[in-house]
Amino acid sequence: MSTPGPQFERAVRRAQADGRVPAISVALHRADREPWVCTVGASGNPDHPLGVHSRFRIGSVTKTFTAVLVMQARDDGLLDLDQPISAYLDVPAHGDATIRRLLSHTAGFQREPHGDVWDTLLAPDTGRLLAELDRAERVLPNARRYHYSNLGPAVLGHLVAELRGGTWAEILADRILAPLGLTRTTVPAPPEAVVGYLVDTYSDAARPEPPVDLAGVGPAAQLWSTAGDMATWAAFLTSPEIVDPDAKVLAAATVDEMRWPLTTTDETLWAAGFGLGLILAPEGKRITHVGHDGAMPGFLAGVYGRRGGDGNPGALGCAVLGSSGTAGEINDLVHELLRLAVDLDPAEIRTWRPAPPAPAAFRSVLGRWWGEGTEFVFAWHDGQLQARAVDAPASRPPAVFEPLDGQPDVLRTASGREVGELLRLTRDDTGAVTRMHWATYRFTRRQEAFDGGWASDGPE
């Protein structure tokens, strides 16, 4: 990544100067290059000058870790996302909120725990947070709309701790940080901690913000980390099959489930969505930035990975961490750098090479078929049967089919159009496929009306 380095560094320096950020640390992770890291400014910590190992508060990026812990528990059979939290955790109120709704911020929980946490800077411990749940409001009906909450993910963190038999911090370290090698991500403030500031709007003065221990609210926003660790984490959320090929943390299919949008965050803009604990920021042309923003007194963070698009090398993640609580440039820069990464240094174009032919059983499927009056092409690529509409844009992924065990002429749509639906093959006496049914719709070699007549025959 040596060639575009100056352009990246210039973007970082511009954000630091325009946002008046005392310290900024940026890292870019991708599958085909060494990590790129840049720091600008001063740490405010005389014992630990600003460098690649400086630690920043990452605020609500912490929620993505808690969400992964919840999904691990689901995959291990410890919980059901559509069950209420009261099925697993003894709470005095709001026990009907389902885990899925809490993950997607659609359960209607008020934003913070009971009390004026941000006035007193005293957060409740775990026991008090749960015991006082009956003093917290449901500010919206369940499933009514998106409403961001720190209280909901905090409760989920303690639910996982209850199920696993440990503290949230212990389970996080054991089940995520250690397997992914995120050794510089910690719950308590480390010696390398950068000082967070409130920068005065009307002068160049900067006031250090007080440290805040979130205690029982920790699963929502407690963590400290480096830009390098967070860029790796963003790459995991984007491409777990590359960052975690053995699925030590989570199966790639489960991370894909987390990335599916469950709600929009603004009913009029539709510029961002929320999945299971993840923010989804559409970039156009089937490109999405996946991750989370974070804020704590004196700190802002943006941690996102890029999915889709030409030139994307895979496992493309970026983290921007800053020691100002007010500089929106920090949150904008992460998206700018992800765009620049593929614009200035796109992945190398892979050489095409011949591969083995399709299995004999599927060769008569290949080619053009008609269904619902629309023409489709069925093909065999990358060892899989695929289908796409003839007029589909190149950026739209094809439908991909997987054979079902014991049913040689029935396949399941694994991804793309009609995901989950069956593809059934009908053969003639020679074994050639002459008709198919996909999601129960008939597919034939010629364009047919629903009564079976050929379109070319016109009216009878």
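- Using a distance-only test at 3.5 Å, with no hydrogens or angles considered, no donor-acceptor pair links the side chain of Asp32 to the main chain of Pro313.
- A donor-acceptor pair under 3.5 Å is absent between the side-chain atoms of Ser239 and the main chain of Ile242, judged by distance alone.
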**Request:** Test side chain to side chain contact (heavy atoms under 4.5 Å, CB included) on Leu172 and Leu223 and set out the steps.
**Result:** CA-CA 11 Å; Leu172 171 69; Leu223 292 177; 3.7 Å; yes

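- Proximity of a side-chain donor or acceptor of His94 to a complementary backbone N or O of Ala136 within less than 3.5 Å is detected.
- Using a 4.5 Å heavy-atom threshold, the side chains of Val195 and Ser323 count as separate.
- Screening Asp332, Leu340, Val334 against Glu336 for a side-chain contact (heavy atoms from CB on, under 4.5 Å) leaves a single residue, Leu340.
- Side-chain N or O atoms of Asp174 include none that pairs as donor or acceptor with a backbone N or O of Glu170 at under 3.5 Å.
- The stretch residues 244-267 participates, sequence neighbours left out, in no ring-ring contact (aromatic ring centres under 6.0 Å, His included) pair at all.
- With a 4.5 Å cut-off on side-chain heavy atoms, Arg164 and Asp76 count as touching.
- The shortest distance between side-chain heavy atoms of Ile58 and Leu321 falls below 4.5 Å.
- Other residues, nucleotides and ligands contribute over 12 non-hydrogen atoms within 6.0 Å of the CG atom of Asp80.
- Scanning both residues, Pro208 and Tyr197, for their nearest heavy atoms gives N-CD2, 3.6 Å.
- Residues Val117 and Val217 form no side-chain contact, since every pair of their non-hydrogen atoms from C-beta on lies 4.5 Å or further apart.
- Ion pairing between a basic and an acidic side chain is recognised when a charged N comes within 4.0 Å of a carboxylate O; Lys248 and Asp244 show no such pairing.
- Separation of atoms CZ (Phe109) and CG (Asn142) is listed at 9.0 Å; rounding is to 0.5 Å.
- Salt-bridge check for Glu267 with Arg145: failed, with every basic side-chain N at 4.0 Å or more from each acidic carboxylate O.
- Of the inter-residue distances, the one linking Leu276 atom CG with Ile99 atom CD1 reads 11.0 Å to the nearest 0.5 angstrom.
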**Request:** Decide yes or no on side chain to side chain contact (heavy atoms under 4.5 Å, CB included) for Arg74 and Leu79, but give the supporting numbers first.
**Result:** CA-CA 5 Å; Arg74 193 284 305 272; Leu79 59 81; 3.7 Å; yes

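- Panel note: side chain Arg417, backbone Ala399; no donor-acceptor pair is recorded below 3.5 Å.
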**side chain to side chain contact (heavy atoms under 4.5 Å, CB included) evaluation trace for Thr264 with Leu269** = CA-CA 9 Å; Thr264 58; Leu269 293 178; over 6 Å; no

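- By the neighbour-count criterion of 12 heavy atoms within 6.0 Å, atom CD of Glu132 is densely surrounded, having more than that number from other residues, nucleotides or ligands.
- Here the side chain of Asp134 pairs no donor or acceptor atom with the backbone of Pro92 at under 3.5 angstrom.
- With contacts defined as side-chain heavy-atom distances shorter than 4.5 Å, the pair Thr186/Arg55 qualifies.
- Sorted by first and then second residue, the ring-ring contact (aromatic ring centres under 6.0 Å, His included) pairs with a member in residues 38-85 read Phe65-Trp233; sequence neighbours excluded.
- Residues Ser86 and Tyr88 are not in side-chain contact: their nearest non-hydrogen atoms beyond the backbone lie 4.5 Å or more apart.
- Taking 4.0 Å as the cut-off between side-chain N and carboxylate O, Asp200 and Arg207 do not count as a salt-bridged pair.
- A 6.0 Å sphere centred on CZ of Arg14 holds no more than 12 heavy atoms belonging to other residues, nucleotides or ligands.
- Formation of a donor-acceptor pair under 3.5 Å by the Arg306 side chain with backbone atoms of Ile287 is not found in this model.
- Thr66 places no side-chain N or O within donor-acceptor distance of the main-chain N or O of Gly157, the cut-off being under 3.5 Å.
- Taking NE2 of His158 as the reference point, atom OG1 of Thr126 lies at 3.5 Å (rounded to 0.5 Å).
- A donor-acceptor contact closer than 3.5 angstrom links the side chains of Tyr304 and Asp293.
- For the atom pair CZ of Arg57 and CD of Gln222, the computed distance is 4.5 Å after rounding to the nearest 0.5 Å.
- His335 approaches Ala281 most closely through the heavy-atom pair CE1-CB, 4.3 Å.
- Of the possible donor and acceptor atoms, none in the side chain of Thr288 sits under 3.5 Å from a partner among the backbone N and O of Leu280.
- No more than 12 heavy atoms of other residues, nucleotides or ligands shown are found within 6.0 angstrom of CG on Asp90.
- Taking CD from Glu402 and CG from Leu385, the interatomic distance works out to 11.0 Å, rounded to the nearest 0.5 Å.
- Nearest heavy atom pair, residue Leu28 against residue Ala341, reads CD2-CB, 3.8 Å.
- When every heavy atom of Gly311 is checked against every heavy atom of Val342, the shortest pair comes out as O-CG1, 3.6 Å.
- Classification of Asp256 and Arg259 as a salt-bridged pair holds, one side-chain N sitting under 4.0 Å from a carboxylate O.
- No donor-acceptor pair closer than 3.5 Å links the side chain of Asn331 to the backbone N or O of Leu300.
- The minimum heavy-atom distance between Ser324 and Ala327, with the atom names listed, is OG-N, 3.6 Å.
- Annotation: side chain of Thr64 is not in contact with side chain of Phe236 (no heavy-atom distance under 4.5 Å).
- Interatomic distance, Leu81 CG to Glu257 CD, rounded to the nearest 0.5 Å: 6.5 Å.
- Residues forming a side chain to side chain contact (heavy atoms under 4.5 Å, CB included) with Pro153 (at least two apart in sequence, or on another chain): Lys63, His105, Ala220.
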**Test log, rule side chain to side chain contact (heavy atoms under 4.5 Å, CB included), inputs Val212 and Leu214** = CA-CA 6 Å; Val212 181; Leu214 288 181; 3.9 Å; yes

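- For the residue pair Leu333 and Ala11, the shortest heavy atom distance occurs at CD1-O, 3.7 Å.
- Remark: of the listed residues Thr39, Val320, Val194, Leu50, Val320 is the sole one forming a side-chain contact (heavy atoms from CB on, under 4.5 Å) with Ile24.
- Inter-residue side-chain proximity for Gln72 and Leu250 is flagged as met; some heavy-atom pair is nearer than 4.5 Å.
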